[in-house]
There are 6 protein chains.
Amino acid sequence: MSHVEHKATAPRSVRCYVITISDTRTEETDTAGRAIAELLRGAGHQVVGRTIVKDDPGFVRGAIERQLADPNVQAVITTGGTGISSRDSTYEAVSALLWKRLDGFGELFRMLSYEQIGSAAALSRACAGLVAGRVVVALPGSEAAVRLAMERLLIPELGHLVREASR
Amino acid sequence: MSHVEHKATAPRSVRCYVITISDTRTEETDTAGRAIAELLRGAGHQVVGRTIVKDDPGFVRGAIERQLADPNVQAVITTGGTGISSRDSTYEAVSALLWKRLDGFGELFRMLSYEQIGSAAALSRACAGLVAGRVVVALPGSEAAVRLAMERLLIPELGHLVREASR
Amino acid sequence: MSHVEHKATAPRSVRCYVITISDTRTEETDTAGRAIAELLRGAGHQVVGRTIVKDDPGFVRGAIERQLADPNVQAVITTGGTGISSRDSTYEAVSALLWKRLDGFGELFRMLSYEQIGSAAALSRACAGLVAGRVVVALPGSEAAVRLAMERLLIPELGHLVREASR
Amino acid sequence: MSHVEHKATAPRSVRCYVITISDTRTEETDTAGRAIAELLRGAGHQVVGRTIVKDDPGFVRGAIERQLADPNVQAVITTGGTGISSRDSTYEAVSALLWKRLDGFGELFRMLSYEQIGSAAALSRACAGLVAGRVVVALPGSEAAVRLAMERLLIPELGHLVREASR
Amino acid sequence: MSHVEHKATAPRSVRCYVITISDTRTEETDTAGRAIAELLRGAGHQVVGRTIVKDDPGFVRGAIERQLADPNVQAVITTGGTGISSRDSTYEAVSALLWKRLDGFGELFRMLSYEQIGSAAALSRACAGLVAGRVVVALPGSEAAVRLAMERLLIPELGHLVREASR
Amino acid sequence: MSHVEHKATAPRSVRCYVITISDTRTEETDTAGRAIAELLRGAGHQVVGRTIVKDDPGFVRGAIERQLADPNVQAVITTGGTGISSRDSTYEAVSALLWKRLDGFGELFRMLSYEQIGSAAALSRACAGLVAGRVVVALPGSEAAVRLAMERLLIPELGHLVREASR
């Protein structure tokens, strides 16, 4: 099947949970989390929940695991904690949980990001993959990075990803 | 040594085995496998064998292992099974066998693929590497993707890869 | 914090150690190692030491480990041994030591390298990451590749990397 | 808390699914699967389902994944496919799915097995761990091995394992 | 060299740091941490520091990394957090940091533990290995388990381990 | 099939290659390598070759890879380099090559070794597994350890291992 036919049969609406990973943001100042939610809804998807957790490995992994254990959630999208400071552990947490890695997501995000911010794109550890038929995507914390990843990569492919993941 | 000198001493003709991974294709309808074989021969390489196996982890890994155990085969090229459905296991099978990973092959394939098909390129899990001095390359199942990978990446580098792998 | 603010607080001068991995080069003929040292100094960083080791897994890993054990060294930069011949083990040595992988460095290097040398870029196994708060970067052996990686990726981000790594 | 107090609060009855991995067994001849079910029920646990799948990597992993996706199942216990022939892939399938490895289960099973069958115990690749709060245990295919593992290790600890896994 | 000669040249006194991983213990109630310190001192080793951290992946990994970054510390010994509840992450934290795994430590601890507490020994994820020439050992949280591991395995081998690790 | 029937159909004679890993031994002083060869021949197996390589990661891995590439060799047995000094890399080299791990071999060896030498057994990183249908076994360097592993574990199971590996 070509990638065009694939998309024709993808689900219209995906049930998503959004996790913001940050030590300082509140619901008011979490512009990245809000942008993800708005872009998902604008594309016809559902945001079944949203939360903010501290950038601490235990909280991050626990928050992702909880959503993966909920059969109602089809995709978990995180923002933040993808850098390289000692507290940033989203990449490690997601890598340890994945049953199928999707190297291309992080790669193409950094390729597109390089066009916008140059060499600093190399420091982002955005990544994605599948666990038990559900999609997990870890995005950086900046609103600009989130908009880039959502508009150019995730929104166009989310239905396709979820349909394939559940086959 | 520069990459230009490197190529000057690469072998002219590489002995390749082509494996098509598909539940539905027959020899007549396997246009991707046929394209790989024709492009290899057109570049002066030998296709020492070609087979079609079901997209099932056991068959895929077994078929690759059998060719790696044949001292006459210098490169194994697969098409299909690189997606993310629960049956697609080519990426996992190849990753588990590799002695040396070659991250750049999958990356550059997806970069070139992005220019053709956009964000859907992120879902391809093409990959490559070395096992016991032999080259293993896993390509997607569509003929267009196979032609892109062969013409832009693999045909220009195959001799070089095999020569380096055997040093 | 945006990537622009991030850089504003990065350290001006990073203490670096340069390791050339080669069976044939001497201090006179090691143009790649010399280029790294000059580019680092030109950007205001310190080169606290430089050495040449044989392209043998034991020597390579040992040489990197020794510098990581020196609290005075903030970044270890290697050149050579990133190919795929049986002796080339820099990728494996660095991968085994890393506490945090930085996939984006190798990816963007190969993307930039593709523009210069085409498909041969797929064969380079440049990589980077963090160990115990220190930065490790493995570059290819050719002077042209080293200049590309230093000028376009590492020099602009080195201060940023070291600051983040130590947080 | 000591291991004695731990057990005092463990759940009385665990909901288990039993998977027999074999190319030749039928419901009548599957004495190992039947023994697991009977020992579980005799200890007060529930067997919510039982199936026989071919010893093929795709079937094995798929069958385990399906049970892990069912929120009603607290423990998945397999028998068979833990040897080292090219088709035996239970160890690899389970290892790839685990979020937390439990090395001690396989170790102590082999230690106890050594007392019964001597050096052949070294060839068994029994293993266990946790995925998303659920317990996965892979036992060998022989009825004697299954009885040993169930009576000496799993039955005494199953409630404890499930309670800890879900905390 | 035999294991007897090996020990003859081992250092008399090793500089150790003890980390207790617990949500509830205080310095007064931390009997396991105190037992480790006393047994080390009784064997002629130095305890250069001791701390209690919450059983949270971020705190645990951070606390171990900080001691590994201190050139004065030759061995880091932890107690607690080796179970399988979702918060217990000592095994994962230590595994991710190790440069050389030492499977035998955890195995033999569980074998000896089985003699004392039976099947519950299978649930302990004690482990050990080397990072940058330093020894890391993760022990369970109970005082009895700690005494067993220290008296039967670690105290007799600590000098030997540190001497080998630094060669 | 029970473990007793399994053995009945095992090959009588296995073609083995013995590699001694040591910086100091010569053919005269290599008592461990000689013991392996004699014990193999005494059990009716063939020793198709024997070599001594330096305890350096590059030499060790290269020497093992060369034998695995020879279709005439059914089992590769090494002695030495299984300790934890920075040069000892046999465990890492073998682990990176294995297609199927056989955890039980190292475990049971250390269990038996503990009965002979006590806690020092924890420091041995003996290991085994399969690559491309061939058996790889890494034994410690001391003659006593080699005799223990050969007599109690490997000799009784070698035919069985090779038959299963090739199925």
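Everything numeric in this text was worked out from a predicted model, so none of it was measured. Here is the naming used below: chain letters follow the sequence lines, and residue numbers restart at 1 for every chain.
- When the heavy atoms of residues 59-96 of chain D are compared with those of chain E, none of the residues falls under 4.5 Å.
- From D/Leu102, atom CG reaches atom CG of E/Leu123 across 5.5 Å, with rounding to the nearest 0.5 Å.
- Between chain D and the residues E/Pro140, E/Ser113, E/Ala122, E/Ala121, the most heavy-atom pairs under 4.5 angstrom are made by E/Ala122.
- Along residues 103-111 of chain D, the residues that come nearer than 4.5 angstrom to chain E, judged on non-hydrogen atoms, are D/Asp103, D/Gly104, D/Phe105, D/Glu107, D/Leu108, D/Met111 in order of number.
- For D/Leu130, the part lying under 4.5 angstrom from a heavy atom of chain E is the side chain only.
- Qualifying side chain to side chain donor-acceptor pair (under 3.5 Å) partners for D/Thr29, counting only residues two or more places apart in sequence or in other chains: D/Thr26.
- Atom OG of residue E/Ser119 and atom NE2 of residue D/His160 lie 10.0 Å apart, to the nearest 0.5 angstrom.
- For a residue to count as touching a neighbouring chain, one of its non-hydrogen atoms must lie under 4.5 Å from one of that chain's; by this rule D/Leu112 touches chain E with the side chain only.
- The salt bridge (charged side-chain N to carboxylate O under 4.0 Å, His left out) contacts involving residues 33-44 of chain E comprise nothing, where partners must be two or more places apart or lie in separate chains.
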